[in-house]
Amino acid sequence: MGAYFASLSGALRNVIWLLLALSLANTATARELDFAKVGQETLNLNAYASWAEDRTGALTFDLARSDNGPLTFKEIPGGAWNADFDRSSSAYWVKLPIINSGNAPAGRLLVMAQPLLEHIEVFCEAPDGSLRGTKTGHGMAFDSRPYPHRLLIIPFLLAPRESQTVWMRVKSPFSADLSAQLWDSTTFQAAEHADAMRYGWIGGLCAALALVFAFLWAATGQKAFAWFLGTVLAATWRIGENSGLLPVLLPWSGHTLATVSHLLADAALLFFTVGLLLHALGKRAADLPYRRALYAAGGLSLVLPVLTPWPMLAAAVLHGGVPLAYGVLVLLSAWLAVRGARVFLWYCMGLVVPLVSLYLQHLPQSAWIGNVLFSSYSMDNALVQGLVVLAGAVAFQEVQKRQVHMRELRGLLQEQNQALEKARQAEIDLESQVSQRTQELAMAARRLEALSTVDGMTGVANRRRFDETLQVEWGRAARDKRPLSVALIDVDWFKTYNDRYGHPAGDACLRQLARVFEAGVMRSGDLIARYGGEEFVLIAPDTDLNGINTIASYLCQEVFALALAHEDSPYGRVSVSIGVATAYPHQGSKPLQLVQQADAALYRAKQQGRHRVAGPEVEKEKA
């Protein structure tokens with residue numbers, strides 16, 4: 001009897017599944033994707049899904065899927081919509097109905113062509129209303145990815161006769177390219193191996209170029225090799241960003257880091273490329289207009305990192321200004337090659353291939369319709385090819401320089417023989433001139449040494465003098481087993497002081513404070529130095545923690561007694577915060593920890609309200 005009911009229950013279940021499948025077949029749209037019927041075929045997402053633009057970028061999932069919501073999903077019956085929306089501040093929603101009409105589980109991998117999409121949210125909605133969500137993106141930690149890969153991949157798995165509606169939200173100001181493909185996992189794993197081989201070849205070639213030119217630079221000291229080494233390293237960074245490999249190798253999390261890395265990679269590549277061309281151009285007066293053009297193109301590399309807080313503006317400059325700058329470099333190289341500088345023909349050829357790929361990559365409405373694994377590889381491969389040609393340009397340039405140098409050297413040798421002959425006839429006069437010149441050089445060297453250790457604005461010792469003195473005093477204290485103390489001084493709210501009174505007034509304020517600090521240092525062995533910006537530092541040998549606290553409190557009081565007006569300060573006048581630290585050095589120890597302790601104490605002084613002295617253990621109240 002139990003077996004009978006079990007078989008009846010199984011038959012009933014099959015009938016229910018059949019009715020459900022027929023119901024789904026009747027309600028499914030023409031764009032519904034059936035995993036059981038497509039086999040191992042790779043499918044473009046935009047041929048099956050519909051899309052909608054959220055211009056506010058703030059709509060929730062409930063509003064996006066609501067029939068009465070503000071979004072209207074668009075599709076092209078029987079065709080495919082263009083999935084590249086270029087840079088945009090909008091959020092884009094994609095709706096994809098999927099079903100598995102088979103009797104076995106079926107799955108697919110949704111592979112995004114653009115690895116730099118910052119934020120992706122995927123919601124899988126079952127017919128009963130239950131949801132399963134996933135978040136990933138270039139602006140998130142690599143560990144958050146549901147499928148570990150350089151590209152952004154979302155796996156889908158459907159049980160037998162299961163259906164779902166996939167909702168995907170993408171927000172990425174630098175590139176809202178929603179081009180994607182649905183892959184069979186087995187097929188993708190095979191393609192993934194070939195992709196790893198391709199990028200292994202690219203990485204190996206970049207590493208070889210970097211090692212060769214690093215060795216050449218170390219062996220010869222030629223600046224051209226250094227500039228090209230920087231270009232190779234920046235290009236490797238750019239390839240890692242463009243391909244999505246950088247988060248794999250150096251995992252991070254956060255929108256800001258991803259944005260900064262993306263901008264700095266392009267800025268560094270442009271900077272070193274311009275530097276390479278400037279070095280090749282030389283410093284002849286006749287080439288001044290060309291150098292100015294190169295400076296203008298290279299200036300963009302300094303602007304890009306500043307635009308980090310404004311992603312849309314940064315994206316506009318990155319997608320429009322950077323290709324334009326490379327276009328200027330190509331045209332300038334071509335013009336110089338026409339005028340007879342043959343080395344610039346190599347530079348032109350080395351830049352034109354990456355330039356064309358860059359324009360194609362940043363061309364609006366250029367949705368990727370091929371294999372998504374090649375979407376970034378084409379640009380990266382072109383960049384590596386350009387590096388190889390540029391390596392030839394640098395080598396050709398150095399060969400030419402060597403030939404010119406040898407001709408100049410032969411001429412110099414001939415002139416030297418003539419000069420030696422004349423020198424024999426005037427040996428006494430020459431010795432006198434040499435002696436006089438030696439004395440002048442010694443005096444100039446002493447003056448230069450003094451200038452190199454003094455801060456030009458405040459007149460106190462500079463950072464270099466501080467570093468040298470700290471090393472010397474640290475070694476002396478270690479030998480004598482005596483204490484060594486450091487006080488790190490920071491002017492409170494100095495940025496607002498500059499904003500209100502102007503930078504000339506700020507400079508004058510720093511000079512006055514420097515005079516106060518110099519007057520407050522009583523012992524000849526103590527040193528007050530400008531540490532950087534509005535920070536000063538005091539080295540006090542043979543001084544314990546109580547002693548440095550006393551000195552710091554006196555300086556804090558003296559600054560406050562100046563009564564320099566500062567309307568943006570809660571105290572109404574200029575004040576300073578001071579962090580102090582003391583160490584008993586021993587042989588083999590390093591002074592860096594002492595400075596770090598003083599810096600930490602300075603941070604505590606600021607947290608406690610500023611205008612005070614703080615130490616590692618003892619904290620002073622307001623002076």
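Sequence positions, counted from 1, serve as the residue numbers for this chain.
- Salt-bridge check for E567 with R500: passed, with a basic side-chain N closer than 4.0 Å to an acidic carboxylate O.
- In this structure, the separation between CG on L390 and CG on L351 is 5.5 Å, given to the nearest 0.5 Å.
- T469 contributes no side-chain N or O that, together with a main-chain N or O of F466, makes up a donor-acceptor pair within less than 3.5 Å.
- Atom-to-atom distance recorded for R515:CZ and I528:CD1 is 10.5 Å, nearest 0.5 angstrom.
- Side-chain contact, T543 with R523: a donor N or O sits under 3.5 Å from an acceptor N or O.
- At a cut-off of 3.5 Å, with distance as the only test, no side-chain donor of T582 or D544 sits close to an acceptor on the other residue.
- Here the two rings, on Y571 and H566, have centers that are 6.0 Å apart or farther.
- Under a 4.0 Å N-O distance rule, the pair R464/E468 qualifies as a salt bridge.
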Open item on the list: Could you go through L229 and L216, starting from their C-alpha distance and side-chain angles, then the distance that decides it, and tell me whether this counts as side-chain contact (heavy atoms from CB on, under 4.5 Å)?
Closed with: CA-CA 10 Å; L229 175 62; L216 289 174; over 6 Å; no

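- Note that OG1 of T231 and CG of L276 are 5.0 Å apart. Values are rounded to the nearest 0.5 Å.
- Figure legend: R482 and Y584 shown without cation-pi pairing, the cationic atom not lying both under 6.0 angstrom from the six-membered ring centre and within 45 degrees of its axis.
- Within the 3.5 Å criterion, the main-chain N or O of L545 finds a donor-acceptor partner in the side chain of N549.
- Looking at R612, its side chain does come within 3.5 Å of a backbone N or O of R610 through a donor-acceptor pair.
- Judged purely by distance below 3.5 Å, without hydrogens or angles, the side chains of W227 and T273 never pair a donor atom with an acceptor atom.
- Look at D499 and K495 and you find a salt bridge, because one of the NZ, NE, NH1 or NH2 atoms lies within 4.0 Å of a carboxylate O, short of that distance.
- Checked by atom type, the side-chain pair D490/S577 shows no donor-acceptor distance below 3.5 Å.
- How far CG of D287 is from CZ of R292: 12.5 Å, rounded to the nearest 0.5 Å.
- Remark: Y603 OH is loosely packed, at most 12 non-hydrogen atoms of other residues, nucleotides or ligands lying under 6.0 Å away.
- Checked against a 6.0 Å centroid threshold, the rings of Y347 and F344 count as neighbours.
- Remark: D480 CG to D542 CG distance equals 8.5 Å, nearest 0.5 Å.
- At distances below 3.5 Å, not a single donor-acceptor pair connects side-chain atoms of R511 with backbone N or O atoms of A514.
- Under 3.5 Å, the side chains of E534 and Y497 contain no donor-acceptor pair of N or O atoms.
- Aromatic rings from Y531 and F536 are positioned such that their centres are separated by 6.0 Å or more.
- For R476 and E473, the salt-bridge test passes: some basic side-chain N is under 4.0 Å from an acidic carboxylate O.
- A distance-only check finds a donor-acceptor pair linking the side chain of S589 to the backbone of H586 [under 3.5 Å].
- Without hydrogens or angle criteria, Q222 side chain to A224 main chain gives no donor-acceptor distance under 3.5 Å.
- Put simply, the side chain of R573 gets close to the backbone of F560: a donor and an acceptor are under 3.5 Å apart.
- A 6.0 Å sphere centred on CD of E518 holds more than 12 heavy atoms belonging to other residues, nucleotides or ligands.
- In terms of modelled atom types and a separation under 3.5 Å, the side chain of K171 and the main chain of S89 share a donor-acceptor contact.
- Rounding to the nearest 0.5 Å places OG of S485 at 9.0 Å from CG of L538.
- In terms of modelled atom types and a separation under 3.5 Å, the side chain of S172 and the main chain of E118 share a donor-acceptor contact.
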